[in-house]
Structures are given as structure tokens and as C-alpha cells.
Amino acid sequence: MTQADPPNPALARGRGPRRTWRTLVGMGVVLVAAIGLAMLLARCAASRDQPAGDAFGGGFGGRAARAKITVGIATATLGDVPITVSALGAVTPEATVSVTSRVTGQLDQIRFAEGQMVKRGQLLAVIDPAPFQAALNQAQGQLARDQALLSDARLNLERYDVLLAQNSIAKQTRDTQAATVRQNEGVVASDKAAVAAARINLAWTRITSPVAGRIGLRQIDPGNQVPANGATPIAIVTQIDPIDAIFAVPESAIAQIVRHRNFGAGLPVTAYDRAGGEALAQGALATLDNVIDTTTGTVKGKARFANPAAALFPNQFVNVTVLVDTLQQQVVVPTTAIRHGPQGEFVYVLQPDKTVKVTPVKIGPGSGETTSIAQGVSAGEIVITDGGDRLRDGATVNLPNQRAHSEQGGPGAPRRGRAGGAGQGGGGGGPGGGGGFGGGPG
């Protein structure tokens, strides 16, 4: 039995460094492979972004053809372009009246329904008329008494005139009687005024609507004692037809509004809802304020609208558009076709060979969906509206119907055959397509 040799310390020390170098070499190979793969993927992505025939210096024609960008198109047309001034405003009733009692008394009746439309002069409420009727009767009685005294004084004056003519009385007596007549005439005039005041107070017990409009919620119930001209009204009536809108006009637009030939006659105004999508009413500009608000740089404008269907509600926020002018027969394109670059605005114009051309343009007035072109594009030219973010000058594009046609397989498009089973004579795909695995000719 022999004893095993002890391990060589030198060999044990040399094995560790060799394993470490192998690990480092393997990691380097993996890193180089990863870098190469990343560069290849980046180059492929760049080739997809280039138009057909341009990637990799014109090579790989099939891959470049598949990289064509499908775009949306529109034709530049001639049309009328409205020049408008838009502002945010609030609907304001032409008249807002607080219905209050003009005499102090007990509220006896309410003659309206909350929220109903009322006419001018329509009876709304009744104050208990009994005390005011009694005051009228008293004033009329006082008037009758003083009229009788006046009549007696006048008869005595006539008698004194006869006696004075006969030198039967002193002239002073006749003059005193004449003063008494004038005094009684003053009393009668005062009594007549008291009767008229009593009649007015009695009439004020019937509270009527001062304007035609919509009445609000009742704020005082029957049976309550209401003071004359109290702080709490019985109800509030707002005149809603016609109705006004107050809005802020930028000071930069004041000149073109004031100098317009139809400013005095009223420029057309359209009121839209708060979102700006639905037109609520058509009206006319009534006037502009006489001062500019220095804190906002705007001037208040007022427009009046016919509102028979109550489409505009008091204190409602609306978007107001004032039609200042209309440009006739302008070149119009969709706003999405306008693009912005370092040199200014431009559009992509589609050429007959399905390439695009960068065309600088000078834009004019427009709306949210369309913009007029003052220079650069003519009517009838086709512009790119969608998909232009990845285009450049000279790029070849696919049209929307062309892409759908190629995806579904148009006339003359090759069809791929389906391989038949072995020994089963699988048919070929299209004309001349070879069968697979023993398949006969198509």
C-alpha cells in the first residue's frame, strides 16, 4: 500500500489565473456580439424611416418599398374665409327688476307661478287693500266737507259785492270774505291731492310686473307683513327676449370693428356654448364701451340677440364671435396641412410621381379647421394632412387607398400558395404557382 503523492502547489497556483482569463475573454466576446447586434438593429430602423430607393444608397429595394409612409391628403380649394374676433362673454338680461311692495301692508295673494313667463302689467301679488280703501274714503269725505265750505264762502262773497255796490257795508268786510274764499280753495286743492294719494296707495296694493320676462323663485309668502320698498323682494323678473351678451374685445381688434362700414348697423355676432361647439343664437353688435380696461387691455362690447326659445340664459358664459369681414375666393387647406419650421410655415405638396415637395407658404386668416393660403399653393394642388412628421423633401409616400389595396391584394398582386400534404397533390397558390411536396401545377 502506497501513499498518494501530495498535490503540487505550483500547479494549484497556476490553475486559478487561467480560469480568470477564460472568463474575461468570454465576457468580451458576449459584449462585442451585443454591440454588433445593437448597431445592426439601429441601422435597420434607420432604413425603415427613409423613403423607397434611398435607404442604404439605393440597395435593398424591397425593404425600402415597405418603408414608404402612408399619408393623408386633401385638395386645396377656393372658398370664402371669414375674418372674426372671438371673445368670452356673459349673457346679461336687458332688464332685471326686483318686484317689491311700494306700500306697507300684509301680503294677501300671490298670483304667479315660479319660473313662468309674465307680461308687462300682469298682476303678480296683492297687498291687503282694506286699510288703503278706508284712507281713500276719509280723504274723499274731507274733500266733500271743504268743498261745501268753499261754496258757502263764494255765495257770501257775491252778497258782499252787491252790498258794497250799495254802500251798505265797508270794503274791508268784502275783502275779508274774498280772502276766506281763497283760503277754502287752497284747502279743497289739498284735499284733492290727498284723495289722489290715497287712490295711488290703493292701486299699489296690486303689484304688477314692470317688464315682460321670466319670473324667479318666490321669496316672501302670503301672510307676511311687507314694508314699503323692502330689502327683500317678492320675486325678481328678468327680461330674456331680447337679451344681451357682454364680452371683452382685445384692443388690437377695436380699429377693424369701429372702421367697418356696417359698424353702426350692427356687425353679425354668433353666441356659442361654453365649449364653443354649438351655436346658440345669432345677433348683432350693439356697441362698444368708451374706455379700455388698462388691467386687461380689452374693451367691453355688447351684442343683442333675439331669444324667443330662451336658448340664452341670464349670467350664462358664452363664446362670442364677431364677423368683421369675409375674404372672397381664397385658397383654403386643412389646418393640419400647415407645418412650422425654422424658415417659417410650409406644406408638403404631393407630386404626380407620388413624392412630396416642401413648399414654403404665407398663411392668411382661417378658422379652427381650415386656413387660407395667401402665397405658395394654388387651388387644385394636393397637400399632405396626416403622416407628415416623418417626411422630408422628395420622399415617396403611399396614399390611403393604395395601402389598403395592396394589403387586400389587388388585380395582378401575387398570391402565396399553400403547401399541400405529402403525396396528396396540394394545389399551387395562383396561376403558375408551384405545388408543395408533390403538388401538381396550379
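- For the atom pair CZ of Phe247 and OG1 of Thr92, the computed distance is 11.0 Å after rounding to the nearest 0.5 Å.
- Sequence neighbours left out, the pairs with a member in residues 129-148 that pass side-chain hydrogen bond (donor to acceptor under 3.5 Å, both in side chains) are Gln133-Asn137, Gln142-Asp146.
- Without hydrogens or angle criteria, Gln330 side chain to Ala374 main chain gives no donor-acceptor distance under 3.5 Å.
- For CD of Glu369, the number of neighbouring non-hydrogen atoms (other residues, nucleotides, ligands) closer than 6.0 Å is 12 at most.
- Residues in residues 308-345 take part in no ring pair (Phe, Tyr, Trp, His ring centres under 6.0 Å) pair, two or more places apart or across chains.
- Listed by first and then second residue, the ring pair (Phe, Tyr, Trp, His ring centres under 6.0 Å) pairs involving residues 343-393 are Phe346-Tyr348 (not counting sequence neighbours).
- Remark: side-chain polar atoms of Asp108 are not paired, donor with acceptor, to backbone N or O of Ile127 under 3.5 angstrom.
- In this structure, the separation between CG on Leu150 and CG on Leu143 is 10.5 Å, given to the nearest 0.5 Å.
- With Arg111 contributing its side chain and Ala125 its backbone, the two residues share no donor-acceptor pair below 3.5 Å.
- The side-chain hydrogen bond (donor to acceptor under 3.5 Å, both in side chains) contacts involving residues 240-259 comprise Asp244-Arg304, where partners must be two or more places apart or lie in separate chains.
- Here salt bridge (Lys or Arg N to Asp or Glu O under 4.0 Å) pairs that include residues 317-343, with residues two or more places apart or in two chains, are Arg339-Asp389.
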Would Thr298 and Val249 satisfy side-chain contact (heavy atoms from CB on, under 4.5 Å), going step by step from the backbone distance to the final call? CA-CA 5 Å; Thr298 59; Val249 177; 5.9 Å; no
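- The environment of Gln172 atom CD is sparse: at most 12 non-hydrogen atoms of other residues, nucleotides or ligands sit within 6.0 angstrom.
- Among all heavy-atom pairs drawn from Ala337 and Val347, the shortest one is O-CG1, 3.4 Å.
- Of the inter-residue distances, the one linking Ile373 atom CD1 with Glu381 atom CD reads 10.5 Å to the nearest 0.5 angstrom.
- The side chain to side chain donor-acceptor pair (under 3.5 Å) test applied to Gln351 returns no partner, not counting sequence neighbours.
- With values rounded to the nearest 0.5 angstrom, Asp161 atom CG is found 4.5 Å from Arg174 atom CZ.
- A donor-acceptor pair under 3.5 Å is absent between the side-chain atoms of Asn224 and the main chain of Val226, judged by distance alone.
- Residues meeting the side chain to side chain contact (heavy atoms under 4.5 Å, CB included) test with Gln329, sequence neighbours left out: Leu78, Asp80.
- Within the model, atoms CZ of Arg214 and CD of Glu114 stand 10.0 Å from one another, a figure rounded to the nearest 0.5 Å.
- Closest approach of Ile384 to Leu391, counting heavy atoms only: CG2-CD1, 4.0 Å.
- Among residue pairs with one or both ends in residues 305-316, none qualify as side-chain hydrogen bond (donor to acceptor under 3.5 Å, both in side chains); sequence neighbours excluded.
- Leu350 pairs with exactly one of Val71, Val397, Val383 by the side chain to side chain contact (heavy atoms under 4.5 Å, CB included) rule, that one being Val397.
- Pairs of residues two or more places apart, or lying in two chains, never qualify as side-chain hydrogen bond (donor to acceptor under 3.5 Å, both in side chains) while including a residue from residues 189-212.
- Sorted pairs that involve residues 223-235 and meet salt bridge (Lys or Arg N to Asp or Glu O under 4.0 Å), not counting sequence neighbours, are lacking altogether.
- Under the 4.5 Å side-chain criterion, counting only non-hydrogen atoms from C-beta, Ile240 is in contact with Pro314.
- Minimum heavy-atom separation, Ala153 to Asn184: CB-ND2, 3.3 Å.
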Go through the steps for Thr385 and Thr336 under the test side-chain hydrogen bond (donor to acceptor under 3.5 Å, both in side chains), then give the verdict. CA-CA 5 Å; Thr385 57; Thr336 54; 4.8 Å; no
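- Smallest separation of non-hydrogen atoms from Asp221 and Leu107: O-CD2, 3.5 Å.
- The closest donor-acceptor contact from the side chain of Thr180 to the backbone of Thr176 lies under 3.5 Å.
- The heavy-atom pair separating Ile69 from Gly387 by the smallest distance is CG2-O, 3.9 Å.
- Contact annotation: the side chain of Thr84 never approaches that of Val322 to less than 4.5 Å [non-hydrogen atoms, C-beta and beyond].
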If you look only at distance, which donor and acceptor atoms sit under 3.5 Å apart when one is on a side chain in residues 228-236 and the other is two or more places apart or in another chain?
none

Begin with the C-alpha distance, continue with both residues' side-chain angles, and end with the deciding distance and a verdict on side-chain contact (heavy atoms from CB on, under 4.5 Å) for Ile207 and Ser101. CA-CA 7 Å; Ile207 303 174; Ser101 175; 4.0 Å; yes
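- Applying the side chain to side chain contact (heavy atoms under 4.5 Å, CB included) rule to Asp152 yields the partners Asn156; only residues at least two apart in sequence or on another chain are considered.
- Between atom CZ of residue Phe112 and atom CG of residue Leu123 there is a gap of 10.5 Å, rounded to the nearest 0.5 Å.
- By the 4.5 Å heavy-atom criterion applied to side chains, Phe305 and Val269 are counted as neighbours.
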Output, in order, the C-alpha distance, side-chain angles, deciding distance and verdict of side-chain contact (heavy atoms from CB on, under 4.5 Å) for Asp393 and Lys357. CA-CA 5 Å; Asp393 192 18; Lys357 178 182 178 182; 4.1 Å; yes
Pair Ile83-Leu327, side-chain contact (heavy atoms from CB on, under 4.5 Å): steps then yes or no: CA-CA 7 Å; Ile83 300 177; Leu327 301 179; 3.8 Å; yes
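- The shortest side-chain heavy-atom distance between Val188 and Leu149 does not fall under the 4.5 Å cut-off.
- In terms of heavy-atom proximity, Thr359 sits nearest to Gly376 at CG2-O, 3.3 Å.
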